[in-house]
Amino acid sequence: MRKIAWIALGAGILLAAAAYITETNDLPGAAELRTVGFIGYMLIISAVAWFLLRRLYEWDKKAEAPRA
């Protein structure tokens with residue numbers, strides 16, 4: 001799952017950057033790439049959320065002390 005999250009993060013950054021560059025430079029297809037940019041943002045948010053939840057899960061496992 002970590003590999004999928006890294007791929008989603010990278011793809012999201014590329015999609016969002018492409019939409020941003022197209023929009024700021026008034027290149028053709030800017031309107032169509034807004035949707036692609038939104039998808040990119042969603043991929044970024046999803047990947048970061050997964051990494052943060054994974055980190056919280058790992059911290060919780062460390063915090064649980066075995067009780068005798």
Side-chain angles (χ1 to χ4, degrees):
M1 187 67 184
R2 182 174 295 173
K3 192 174 193 179
I4 293 171
W6 279 112
I7 292 169
L9 182 65
I13 290 171
L14 288 176
L15 292 173
Y20 175 76
I21 291 169
T22 304
E23 184 71 32
T24 57
N25 293 325
D26 294 327
L27 296 174
E32 292 82 12
L33 280 179
R34 284 187 195 134
T35 303
V36 174
F38 180 73
I39 293 169
Y41 290 133
M42 294 306 295
L43 287 173
I44 293 169
I45 291 168
S46 298
V48 170
W50 185 85
F51 284 124
L52 290 174
L53 286 173
R54 183 69 184 166
R55 178 66 59 149
L56 286 172
Y57 178 73
E58 290 172 2
W59 284 348
D60 182 51
K61 287 188 93 171
K62 286 182 184 178
E64 290 180 356
R67 298 177 184 168

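Residue indices begin at 1 and follow the sequence shown.
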query = Do the side chains of Trp6 and Trp50 join up, straight or via other hydrophobic residues, at under 4.5 Å, putting them in one cluster?
reply = yes
Mark yes or no for whether Asp60, through its side chain, and Leu56, through its backbone, hold a donor-acceptor pair below 3.5 Å. no
Distance col, row Phe51:CZ vs Met1:CE, nearest 0.5 angstrom, shows 9.5 Å
Fill in: Atom OH of Tyr20 with >12 non-hydrogen neighbours under 6.0 angstrom
no
With sequence neighbours left out, the residues meeting salt bridge (charged side-chain N to carboxylate O under 4.0 Å, His left out) with Arg2 are Glu58
Residues Val48 and Leu9: closest non-hydrogen pair is CG2-CD1, 4.2 Å
message: Could you see if Val36 belongs to whatever hydrophobic cluster contains Met42? Use Ile, Leu, Val, Met, Phe, Trp, Tyr and a side-chain cutoff under 4.5 Å.
response: no
Output for pair (Leu43 CG, Phe38 CZ), nearest 0.5 Å, gives 10.5 Å
When every non-hydrogen atom of Thr22 is compared with those of Pro28, the smallest separation belongs to CG2-O, 4.1 Å
Heavy atoms of Ala19 and Gly37 approach each other most closely as CB-CA, 3.5 Å
The reported gap from CG in Leu33 to CD1 in Ile39 (rounded to nearest 0.5 angstrom) is 10.5 Å
Rounding to 0.5 Å, atoms CG (Leu15) and OG1 (Thr35) come to a distance of 11.5 Å
query = Should Ile45 and Ile4 be regarded as members of a common hydrophobic cluster, given that ILVMFWY residues are connected when their side-chain heavy atoms come within less than 4.5 Å of each other, either directly or indirectly?
reply = no
Sequence neighbours excluded, the answer for side chain to side chain donor-acceptor pair (under 3.5 Å) partners of Arg34 is Glu23
